[in-house]
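Below is one structure, written out as structure tokens; comments come after it.
Quick caveat: nothing in here was measured; it's all calculated off a predicted structure. Quick note on labels: first sequence line is chain A, next is B, and so on, each numbered from 1.
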2 protein chains.
Amino acid sequence: MTNDFSYKDKKVITIGIVRDLTGLSERQIRYYEERRLIFPERSPGGSRKYSFADIELLVEIANKIEDGVQTHEIRKEMLQAQKKQNQNEVRRKMIQGQLNAQFGLRKGPSS
Amino acid sequence: MTNDFSYKDKKVITIGIVRDLTGLSERQIRYYEERRLIFPERSPGGSRKYSFADIELLVEIANKIEDGVQTHEIRKEMLQAQKKQNQNEVRRKMIQGQLNAQFGLRKGPSS
DNA sequence: ACAATTGTGTAAGGTTTCCTGACATGGTTT
DNA sequence: AAACCATGTCAGGAAACCTTACACAATTGT
């Protein structure tokens, strides 16, 4: 209802392509996963699958690492950022809920 | 200059994922390529790489085939559609050219 | 100062995924 | 009837991916 979740977030890209697109080594990509900075999905057979969003994230990560930031630190930053993101999400939903309560669409008996 | 060519057109998806996303068999997907309905890129090693746009196209193709249209016919349709598309493109560029000639931005000596 | 951790390379051995080519087949066209 | 269409399937081989392990310089923590 809230989300259009388009191409950008679909996990459909294999690690080789990610390597080519980011310039990182597969080793690095897997290591950042081990440090829980990215979370690819897996194919039934076990192959990693990334999204374009993941790729963008990887580039950001790589930049920070180049600036001497440790994975540990990066992870903290990311959790921080996500927390704020969630807070906004919650506020939005609360407001939406209130609006619905006041003027809300009733659930029609059928489509 | 005209094109933002985003995620949708980047050829980054392997045939297995395309199979899963479309429900077509790999055999079918390769066959439609043989009939020149789709044009994946290749990895250095020879693996096919598709875009989301390709996937959408494949679904359309599959629908037509289900309606009994032959690949040959589908190809004609596609060429037709593309021709019109190109005509529009040309017109657009012509008009743009005229505008530039009249009021045009001159090429500044530097950025 | 020394121990522990970080980030990355590399190699081995194994599994999954993809490739081409070929044969088979039931429906359509011509 | 001969040719073509669309698809399945099988074989053999290559590419891509996986995990585990060892190495090592550089940095961080005690």
Can you find a heavy atom in the side chain of [X] that is under 4.5 Å from one in the side chain of [Y]?
{"X": "B:Lys10", "Y": "B:Lys49", "answer": "no"}
{"X": "A:Gln80", "Y": "A:Lys83", "answer": "yes"}
{"X": "B:Lys93", "Y": "B:Val90", "answer": "no"}

When you check the phosphate oxygens OP1 and OP2 of [N], does a side-chain N or O of [X] lie under 4.0 Å from one of them?
{"X": "A:Thr14", "N": "C:dT17", "value": "no"}
{"X": "A:Thr71", "N": "C:dG7", "value": "yes"}
{"X": "A:Arg48", "N": "C:dT16", "value": "no"}
{"X": "B:Ser43", "N": "D:dA16", "value": "yes"}

Checklist line | Common cluster, B:Val69/B:Leu58, ILVMFWY with side-chain heavy-atom separation under 4.5 Å | finding: yes
Check: Can A:Phe39 be reached from A:Ile55 by stepping across I, L, V, M, F, W or Y side chains whose heavy atoms are under 4.5 Å apart?
Finding: no
Next item on the list: Could you check which residues of residues 50-63 of chain A get a heavy atom under 4.0 Å from DNA chain D? Sort them by number, please.
Entry: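 Listed by number, there are none.
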Item checked: Proximity to DNA chain D (any heavy atom under 4.0 Å), residues of residues 18-41 of chain A only -> A:Arg19, A:Glu26, A:Arg30
Notebook entry, point to check: Which hydrophobic side chains are connected to A:Leu79, either touching it within the sub-4.5 Å cutoff or through other members that do?
Noted result: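 None; A:Leu79 is a cluster of one.
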Item checked: Residue mapping more 5' on DNA chain D - nearest nucleotide basis, B:Gly46 or B:Ile65 -> B:Ile65
Next item on the list: Any pair with a residue in residues 69-79 of chain A that passes salt bridge (Lys or Arg N to Asp or Glu O under 4.0 Å), sequence neighbours left out, goes on the list, sorted by first then second residue, please.
Entry: A:Lys64-A:Glu77
Notebook entry, point to check: When rounded to the nearest 0.5 angstrom, what is the spacing between CD1 in A:Ile74 and CD1 in A:Ile61?
Noted result: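 So the CD1 of A:Ile74 and the CD1 of A:Ile61 are separated by 6.5 Å.
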Check: In Å and rounded to the nearest 0.5 Å, what is the CD to CE distance from B:Gln85 to B:Met78?
Finding: 13.0 Å
Next item on the list: Considering non-hydrogen atoms only, spot the tightest contact between B:Tyr7 and B:Phe52 and give its length.
Entry: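 Closest heavy-atom pair between B:Tyr7 and B:Phe52: O-CD1, 4.1 Å.
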Just the rounded figure in Å: distance from [atom2] of [N] to [atom1] of [X].
{"X": "A:Glu73", "N": "D:dG29", "atom1": "CD", "atom2": "C1'", "value": "15 Å"}
{"X": "A:Ile15", "N": "D:dA15", "atom1": "CD1", "atom2": "C1'", "value": "15 Å"}
{"X": "B:Glu66", "N": "D:dA6", "atom1": "CD", "atom2": "P", "value": "14 Å"}
{"X": "B:Ile17", "N": "D:dA16", "atom1": "CD1", "atom2": "P", "value": "15 Å"}

Give me, pair by pair, the N or O atoms of the protein and of nucleotides 25-30 of chain C that are less than 3.5 Å apart, along with how far apart they are.
none

With a cut-off of 3.5 Å and sequence neighbours excluded, list every side-chain donor-acceptor pair involving residues 13-38 of chain A.
unit_1, atom_1, unit_2, atom_2, d
A:Arg19, NE, A:Glu26, OE2, 3.1
A:Arg19, NH1, A:Gly16, O, 3.4
A:Arg19, NH2, A:Glu26, OE2, 3.2
A:Thr22, OG1, A:Val18, O, 2.8
A:Thr22, OG1, A:Leu24, N, 3.1
A:Ser25, OG, A:Gln28, N, 3.1
A:Ser25, OG, A:Gln28, OE1, 3.3
A:Glu26, OE1, A:Arg30, NH2, 3.0
A:Gln28, OE1, A:Ser25, N, 2.9
A:Tyr31, OH, A:Arg35, NH1, 3.1
A:Glu33, OE1, A:Arg48, NH1, 2.7
A:Arg35, NH1, A:Thr71, OG1, 3.3

